[in-house]
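What follows is a single structure, written as structure tokens, with notes after it.
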Protein chains: 2
Amino acid sequence: MPPFDMGRVRDVSAQADVNPCGACPVRSLTVCAALEAEELRRLAEILQTVRFEPGHTLFGEGDKADTLYNVTAGTMKLYKLLPDGRRQITGFLLPGDFLGLSVNETYAYSAEAVTPVTLCRFPRRRMEALLDEFPKMQRRLFSMASNELAAAQDQMLLLGRKTAKEKICSFLLMLSQRAQRRGHKENPVHVPMSRADIADYLGLTTETVSRTFTQLKTSRVIALLEGNKVQIHDMDQLYDLAEGS
Amino acid sequence: MPPFDMGRVRDVSAQADVNPCGACPVRSLTVCAALEAEELRRLAEILQTVRFEPGHTLFGEGDKADTLYNVTAGTMKLYKLLPDGRRQITGFLLPGDFLGLSVNETYAYSAEAVTPVTLCRFPRRRMEALLDEFPKMQRRLFSMASNELAAAQDQMLLLGRKTAKEKICSFLLMLSQRAQRRGHKENPVHVPMSRADIADYLGLTTETVSRTFTQLKTSRVIALLEGNKVQIHDMDQLYDLAEGS
DNA sequence: GCCGGCTATGCCGCCGTTCGATATGGGCCG
DNA sequence: CGGCCCATATCGAACGGCGGCATAGCCGGC
């Protein structure tokens, strides 16, 4: 992680020094995976690297959507609110995930840092111009959006039809699989978000989340380790528990 | 509606006769809206028109995803199943909606006709070739996917955090707004799907759906009319009820 | 007119919520 | 280094909204 010490930092080395994208650890996962060296250079020209602390709100629902982001380190959460304060977290973003697609010029959700995060930041206009110029990039972005759509449908099944226990098991499995895709070990799985965040992601309360973790621990399905890590004792069993079969 | 009388019909008039897309009533809503006359002609070359009766399963979750569709008339439902039969309907498709995006060569959900439907049918390979050739079409498809993503996030908020009453009110509002976008009157709203389908879309049971409709009727928010139509007495009130404010 | 599927509704039970109290643990300061 | 403090997590008890089941009513099709 670069040694930044401010909330927002303009990465002047992007233009002057070596191409930062060339050394990007998550490039293969992102929209940038589709690009050649020359295209990467063009992308780097319009990019800023920024860093935020946990709890920082990147943007709020309804804000003007003039910026796109790519997560390069840390975890973010996206959420929507009801007037009385009820909250639904619609997704957690991990390194390599894209952020900032919008429909009508405004963001449809809020985005907040869960852990310290670093992001690549693209002005929307210039990004769109690049997309027109590089159809490969457009196609890659479309493919990522399709993947998110499929994940959203999985999440609908979870929210609408799964029990508390199935939801927690599905959640742990998802974190494990996403960690694996990023080249980390699948077990034990790192769970950086709070019980409240997990509850608002799964359509539960913090109490139910706590109780269910305790229940899974008591029945020897998982173990809670130091540093927000969860050891999964039997991955196949967890998979079955996640689908009620 | 063309006078088809079979389950699957190859529309031979597409190539031989007048360009059918030119007269398409929902073209402005679909991916085809982005196309010029010449591009439309190319699209028409690879297209078949098909028609299905209610209950017909277009494809199932896990099937090989070698075909894309565009709904031109009627209503379809998309759903996912759990091993024990629990079902979550992830969306209802109306004329103009696109269908068949997939991640790993297989459909991630099943698709079934709710009412009699007519669809445009595109072989996946040839469609992808056209997308490469016409970036405007690719961009349009991406924009439609972004819209669906936003709708999916709304649905997550509904499933995870709204009460039964709020869910039903949100559902009626959505149908009303979608009807309006298609040039129909927003009120009364046509509700072609069964209580069971509504329940599986909103994460409820049929009984709760029935009870909630009765409750809304008793409190004079709506009235149930002939022909599966619902009269909304006060649209603003319904909007407030849908968000719990 | 009869039959079958869908819808409506009363009754009861349960899962998850709500509320309150207690435990834990990490950060900060003395 | 130890102790305090506040946020978070955990746990117990009571409540309530929604689900499950059974029955009755409705409507459409043949």
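FYI, side chains are in, hydrogens and waters are out, and symmetry mates aren't considered; it's all heavy atoms of this structure. Below, chains carry the letters A, B, ... as their sequence lines are ordered, and counting in each starts from 1. All values derive from a computational prediction rather than experimental measurement.
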When you measure from the side chain of [X] to the backbone of [Y], do you find a donor-acceptor pair of N or O atoms at a distance under 3.5 Å?
X: B:Lys167; Y: B:Leu202; answer: yes
X: B:Arg161; Y: A:Arg86; answer: no
X: A:Lys162; Y: A:Ala242; answer: yes
X: A:Thr214; Y: A:Ser210; answer: yes

CA sep, side-chain torsions, deciding dist, call: B:Gln237, B:Asp240, side chain to side chain contact (heavy atoms under 4.5 Å, CB included): CA-CA 5 Å; B:Gln237 180 193 17; B:Asp240 288 344; 5.7 Å; no
Charged N-O contact under 4.0 Å between B:Asp97 and B:Arg182: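 Salt bridge present between B:Asp97 and B:Arg182.
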Salt bridge (charged side-chain N to carboxylate O under 4.0 Å, His left out) assessment of A:Arg220 paired with A:Asp234: CA-CA 9 Å; A:Arg220 312 268 182 231; A:Asp234 184 342; over 6 Å; no
Polar atom pairs between nucleotides 20-25 of chain D and protein, under 3.5 Å, N or O only, would you list them?
from, atom 1, to, atom 2, distance (Å)
D:dG20, O6, B:Arg211, NH1, 3.2
D:dG20, O6, B:Arg211, NH2, 2.9
D:dC21, N4, B:Glu207, OE2, 3.3

Nearest whole Å is fine: how far is [N] [atom2] from [X] [atom1]?
X: B:Leu202; N: D:dG19; atom1: CG; atom2: P; result: 10 Å
X: A:Leu204; N: C:dT18; atom1: CG; atom2: P; result: 11 Å
X: A:Phe213; N: C:dA23; atom1: CZ; atom2: C1'; result: 18 Å
X: B:Ile168; N: C:dA8; atom1: CD1; atom2: P; result: 11 Å
X: B:Leu216; N: C:dT7; atom1: CG; atom2: C1'; result: 16 Å
X: A:Met193; N: D:dA7; atom1: CE; atom2: P; result: 22 Å
X: A:Asp197; N: D:dT8; atom1: CG; atom2: P; result: 10 Å
X: A:Arg195; N: D:dC11; atom1: CZ; atom2: P; result: 10 Å

Heavy-atom side-chain proximity of A:Glu112 to A:Asp197 below 4.5 angstrom: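 Sidechains of A:Asp197 and A:Glu112: no contact.
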Side chains of A:Met193 and A:Lys77 in contact at under 4.5 Å (non-hydrogen atoms):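 Not touching, per the 4.5 Å side-chain cut-off.
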Six-ring centre of A:Phe92, A:Arg178 cation under 6.0 angstrom, axis tolerance 45°: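 The answer is no, since A:Arg178 fails at least one limit relative to A:Phe92.
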Sorted by number, the residues of residues 217-233 of chain A with heavy-atom contact under 4.0 Å to DNA chain C: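 Of all residues in residues 217-233 of chain A, none places a heavy atom under 4.0 Å from DNA chain C.
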Within residues 155-166 of chain A: residues closer than 4.0 Å to DNA chain D (heavy atoms):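 Going residue by residue through residues 155-166 of chain A, none turns out to have a heavy atom under 4.0 Å of DNA chain D.
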A:Tyr109 and A:Tyr107 aromatic ring geometry - parallel, tilted or perpendicular at 30°/60° bounds: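 Answer is tilted, since the angle falls between 30° and 60°.
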Sugar-phosphate, base or nothing in reach of [X], heavy atoms under 4.0 Å:
X: B:Ser210; value: base
X: A:Thr208; value: base
X: A:Thr214; value: sugar-phosphate

